[in-house]
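Since the structure comes first, as structure tokens, the remarks are kept for the end.
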Amino acid sequence: MKIFASFLLTCTLLLSAATSFAQQAAPKAKGPATETLQLKTSAVCEMCKARLEKALAYEKGVQSATLDVSSQQLTVTYRPDKTTPTALRSAVQKTGYDADDQLADARAYDRLPDCCKKTNSIH
Ligand SMILES: [Cu+2]
């Protein structure tokens, strides 16, 4: 009878250990939720690339921002619980560049060096 009781106890311990392990493992399996936004900008050169990537890096919720100058495509990886595509487009506009069909903030655009104006071709 003693053996049977200790067998039962061992089974209970093992079962509860397995259950708590499964509960701990579940949240770890989920990575941080991120989304990717692609938008077309009016950037024309490497200076624009550096300026935009830096501006976006300081935006809340942005994990990474990469501009491809030849296609003018800005790729932003962001946390959807911290920011929105609208806020990201607005950040691009405030840096002086168009974001998709939304025009750049006029004052920010005026402050850009001549070589970065969108009247220039990509260089
Ligand atoms: Cu430029």
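Throughout, numbering of the chain's residues begins at 1 and tracks the sequence. For ligands, and for the atoms within them, numbers begin at 1 and follow the listed sequence.
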(message) Going by the rule salt bridge (Lys or Arg N to Asp or Glu O under 4.0 Å), which residues pair with Asp98 if we only count those two or more places apart in sequence or in a different chain?
(response) Lys118
(message) Regarding Asp105 and Arg107, does a basic nitrogen lie under 4.0 Å from an acidic carboxylate oxygen?
(response) no
(message) Can you count the protein N/O/S atoms lying under 2.8 Å from the Cu ion (ligand 1), leaving waters out?
(response) 3
(request) Using salt bridge (Lys or Arg N to Asp or Glu O under 4.0 Å) as the criterion, list what pairs up with Asp100, not counting sequence neighbours. (result) Arg89
(request) Could you pull out all residues at least two apart from Glu53 that satisfy salt bridge (Lys or Arg N to Asp or Glu O under 4.0 Å)? (result) Lys49
(message) Please check: side-chain N/O of Gln72 versus main-chain N/O of Ala43, any donor-acceptor pairing under 3.5 Å?
(response) yes
(message) Can a side-chain donor-acceptor contact be found between Ser64 and Thr77 if the only test is distance below 3.5 angstrom?
(response) yes
